[in-house]
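In what follows, chains are A, B, ... by sequence order, proteins preceding strands, each numbered from 1.
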Amino acid sequence: MAGVGRHSLRGLIARRIAITVGLLWIISLLVFAATQVLPGDTASAILGKTATPESLAQLRAQLGLDRPVTEQYLDWLGGVVSGDLGRSLAAGLPVGELIGDRVGATLVLAAVTLVLLVPIALALGVLSGMRRDGKLDQLVSWLTLAGVAVPEFVTGTLLALLLATWLGWLPAVSLIPPGESPLAHPQFMVLPVLTLLVAGLASTVRLVRVGVAEAAESGYTEMARLSGISERRVVRRWVLPNALAAGVQVIALTAQWLVGGIVIVEMVFQYPGVGQTLVQSVQSQDIPVVQAVALIIAAIYVLLNLLADVALVLLVPKLRTRR
Amino acid sequence: MSDALRIEGLCVTTAGGEPIVDDVALRVGGGEIVALVGESGSGKTTCGLAALGFARDGARIAAGSIHVGGRELLTLQERELRGVRGRHVSYVSQNPDAALNPAMRVGDHLRELLRAHGQPRTDAVVAGALERVHLPGERAFQRRYPHQLSGGQQQRLAIALALACGPTVAVMDEPTTGLDVVTQARILDEVKRLRDESDLGVLYISHDLAAVSSIADRIVVMYAGRIVEDGPAAPLLARPRHPYTRGLLASVPDHRAPRRLRGIAGAVAAVGERPAGCSFAPRCELATDACRAAVPPLRAVDATRSVRCIHTAEVPPPPAEPLPARAQIDGAAMLEVRDLHVAFGEGVVAAEHVSFAVARGECLALVGESGSGKTTIARCVAGLHAPDRGAIALDGAPLAALARGRTREQRRRLQIVFQNPFASLNPRERVVDGVARPLRELGGSRADALRAAHEMLERVRLPRGLAASRPAELSGGELQRVAIARGLVVDPELLLCDEITSALDVSVQAAVLDLLGELRAELGLTLLFITHDLGVVAAIADRVLVLRDGCVVEQGGVDAVVTAPAEQYTRTLVAAAPSVGG
Amino acid sequence: MSAVAAPRSQLAGHRVGQFALALLAALLLVVALGPLLAPDGPSEIVGAPFSAPSATHPLGTDYLGRDVLSRVLNGGRSVVFYALLAMATAYTVGGLAGLVAGLRGGFTDAALMRLMDVVLAFPPILLLLVLAAGTGGSTAILVAGVALVNVPGIARVVRAATAEVATKGYVEAAVARGARTPSILARDVLPNIASTVAADAGTRFAISILLAAAMNFLGVGIEPPSPDWSVMITENRSGLTLQPWALAAPALLLAALTVTVSVVADVLTRERRSAR
């Protein structure tokens, strides 16, 4: 019956975690399968047109590609679990060494974007959701629609044209010297962050807006008004707590969306992050790097999903407590 | 003594100026319960909200005055109005599940309200407010969230909130809709007790004349946005002076005084489509040109009653036609259900050891509250759900669990009509095509099928022009007639009716039940009738089977079960079911 | 007086929607007929690289000296075509999965939906990049990948709509009468889920264009010599300061296309909702 089912709550969260671990394993399988099993293997990618059957066979043996697929997979997975991400074919370096700095640069970009984006999204979403179809809401809803619809690389290109080419305020590319923190060069971060904000705000504001509007137009909010509760109090105690779920989802959604958006923005501005590495490795078919980076990105994505799920369960009474 | 609530000349219109509620005047005295009764589209909720100076999006209060304890609300500023709402006039809504904040604890609901009106909000005050409506006042209960309460508890909490600041008047808008009859009876007792204990005035809004008859001091009847009759409860119910009130009363099924139900033809006109003159004229047998020319005034017929009808002197007393004798058939069972058992997932039992038989030509009613398993049993009979155990036989031949395993002939002989008329017909098909389809599936030619469909639609008295319409253009009652026609067009022997009138207004319900009774006699149909309403059972069934939590509690002839129930549960049910007679 | 609400302004939506529809029609016309209107061949070198706009080349030339106007007029077809192809594939697969899951329910439903969850566990761009890495990238993989990304969403929408319709009286009555499944699908299910499914097709089309364009931009979709708006944006990046029109023209057209598709879809959805 009543009472907060601490026990079942723990069970619920444990189940979500178990599902996430399972999902991670499936993802590792799929990443490996997609890159290794599909036609066109690493050896032919390295040798290209100069390949002869003999040199191919030799290289395959050297890379261990002649072994059974399951053995290769287990080997690779074992390495990943113990922190060995493999060796880049193009650079000849361990993948961990190759992407170490770049992961940092990407995380800085993501963090700065999130810190700016989340509060703006929540504020705009609440303001426009409270007065659905008001002037601000109309403006916000058309702007966000446009923001969702324009590809990040077009936004980035247009922003670079405007702010770098025509106005000359900012550098058009983010040529951060290797080994230095992007935070030491804020001028290189403005355009990437701005591009991510324009694209990211659009979808997140819409989501908050819907959540807030739903709560603001609900029967319980009408009831609060009919009980003489002041408008400020209605917003604080009736609307916002019930829009919280939407707020949490927004943060999760933004973070998830950033995972994809950053790859593109890094390419647009030649920002030295891990997304750029991923794309370059895909283009050069540097499979070990693709596998490692894809796995890291997918893992982050899945973990963010998990965090959002758990946060939702903890924050929404109806999910937290049992009948 | 001033009235607790006095409404005068109230007009609420749509944004486009179409009246939703027109020229409404009513008074509620201190310590008085006034019932505002009307069917859907009458404007009763709009009136109730206006009593708090409130109109929903898309509506506005265009004229009138609203006095609460001598205070005029419509001239107040928004801020002053806030001080009155919840404090001097409070509101209990139809659906407590939607009216309570899902993210707020029980105790905080009360604390927020007390805080808004500057009243002390100690634990003792909060506990007292809860205990006043017979909810536990203890801390553990105060810390619960609304979804952790039962429907009855939620509604008690809503009433506790409405009473917490000691208002002059409380507006209660269908506070028992969606609750089972036993809980409804308890809530009604609660309202009566609260009125007796204090000087509280209650405006009690309902569609159900039978339910309000037990608590109302006065009854105000609304139709299509206007008050048509207003008077003390007992004389008004005994001798209605408006044709609509009379029709409504004749439509209310009553298990204590079973009689033939007479519905009101037609349906209420929507806002914006209301006729000039008397809005009831199109459905009224007494209507004359004068009724259609001008809106009749609300006139006093004696010191306590007023009526909006120019033919009030001609309104006959309510009919009391006896029912045709209940069939007493001992012949061989046509449908036999043996030891049916159905469970859903984690221990939810929908049916357990359910056995019954329906004899050819009789009407057996399965009655029970929601969750009693009655619909699941019907679905098993129809072949829509495979039971875990048990056997179903038609004329001695076993029926396969699912419809597709039964023979074509078996499927033809057993037809079903569903609860929700608005989902019963394919919105993309013309009504007549939907009725013709079962015949086409049996191999009939298109022309024959359409001819038979037209004939059947005429038989269920669907207005002729509607056969070629889409379902969206039909009212609920019309849709249900079409659904019945679709069932009957293949000439079945057994018609399964699953709560077919529960979504309809009572005047429309009566007309559908009356039709069903006639068709049954004409076609020699056997009926298996599923319902939650004992009054409906008494009006149509020969025998009744009472279900609770998936088990058969009691079965027998309707009159025997209703007048002398053998089991405790049936006794509770019979006592709680509302009845105009009292 | 309180709560006197302003009427919902639907007219504004209408006007914007009509304008967007007109613009979209014009754009699609340009996309379809553009190659006929182009003054030069899309691969023809007509001048010096990155020449500024002139009378003969109103939008200037690109990094190889090809006419930007001609390439832009040729470059919309692939954008629209591959997105449509991906959508057709996705609706076939996702629609079928959703119908089966929605009608059958139970284990089939659960299994199909868990499969969709696995696809959803990948960020779309990553999914496409991994596919491209394994195969070296091609337009076939581009179409398959964009389709794959759309399948779970479509399957969910179709499943939800189907499951809802399946509980309606008219479907249950047909089932109880023993009507054949294809007949129930054709008469009762499909016509009644069509508008729900169509409602988000517009948004999905826009998303498909965006994704395909992003892949082309990242150099793992359509190969460079082809005139494609997204490819043009990539290949002319070095001319950002010299000849911005080589980027601005395809970028603006691509944005106009996706925005108008989204606006039209949005207005249609809103009208559908308010018409209910």
Side-chain angles (χ1 to χ4, degrees), chain A residues 19 23-24 26-27 30-31 33-40 45 132-134 138 141-142 145-146 148-155 157-158 160-161 164-166 172-173 225 256-257 259-261 263-264 267-268 270 275 278-279 281-283 285-287 290-291 293-294 297-298 301-302 305, chain C residues 2-3 6-10 12-13 16 117-137 141 203 206-207 209-211 213-214 217-220 229-230 233-234 237 240-242 244 247-248 250-252 254-263 265-266:
Chain A
I19 291 174
L23 210 51
L24 278 174
I26 294 174
I27 285 172
L30 291 179
V31 165
T35 50
Q36 207 85 347
V37 180
L38 289 174
R132 184 123 84 161
D133 294 331
Q138 297 264 347
S141 83
W142 290 120
L145 191 63
V148 172
V150 182
E152 291 96 344
F153 68 93
V154 172
T155 316
T157 304
L158 294 176
L161 268 173
T165 308
W166 287 330
V173 288
R225 297 206 170 104
Q256 290 164 10
W257 163 82
V259 166
V263 172
I264 290 172
M267 287 304 286
V268 172
Q270 295 169 38
L278 174 65
V279 175
S281 312
V282 168
Q283 286 166 346
Q285 291 201 279
D286 193 341
I287 298 299
V290 174
Q291 286 173 339
V293 175
I297 293 180
Y301 190 78
V302 172
N305 269 330
Chain C
S2 82
R8 297 270 158 100
S9 60
Q10 281 163 2
V16 176
D117 286 347
V118 171
V119 178
L120 284 174
F122 281 91
I125 297 227
L126 186 70
L127 185 68
L128 288 163
L129 280 174
V130 168
L131 281 176
T135 55
I141 281 296
T203 319
I207 291 174
I209 295 177
L210 294 182
L211 266 178
F217 168 77
L218 295 178
V220 288
W229 292 342
S230 42
I233 297 172
T234 321
R237 261 205 71 90
L240 190 63
T241 45
L242 282 170
L247 279 94
L252 287 173
L254 191 57
L257 181 65
T258 51
V259 171
T260 48
V261 169
S262 299
V263 171
D266 187 72

Less than 4.5 Å apart, side chain to side chain, heavy atoms only: is that true for [X] and [Y]?
{"X": "C/T258", "Y": "A/V154", "result": "no"}
{"X": "A/V259", "Y": "C/L126", "result": "no"}
{"X": "A/V268", "Y": "C/F217", "result": "yes"}

Under a 4.5 Å heavy-atom cut-off, does chain A meet the side chain of [X], its backbone, both or neither?
{"X": "C/L120", "answer": "backbone"}
{"X": "C/A213", "answer": "both"}
{"X": "C/L218", "answer": "both"}
{"X": "C/L254", "answer": "side chain"}

For A/L278, is it the side chain, the backbone, both or neither that has a heavy atom under 4.5 Å from a heavy atom of chain C? side chain
Portion of A/I264 that has a non-hydrogen atom of chain C nearer than 4.5 angstrom: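 For A/I264, heavy atoms of backbone and side chain both lie under 4.5 Å from chain C.
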Using a cut-off of under 4.5 Å on heavy-atom pairs, state which of C/I207, C/V263, C/V261 scores highest against chain A.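 Max contact count across the listed options: C/V263.
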Those residues that, when tested against C/L252, pass side-chain contact (heavy atoms from CB on, under 4.5 Å) (two or more places apart):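 C/L252: side-chain contact (heavy atoms from CB on, under 4.5 Å) contacts with A/L158.
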Taking only residues two or more places apart in sequence, or in another chain, which ones meet C/F122 in a ring pair (Phe, Tyr, Trp, His ring centres under 6.0 Å)? none
Counting heavy-atom pairs under 4.5 Å with chain C, the top scorer among A/I27, A/L24, A/V290 is A/I27
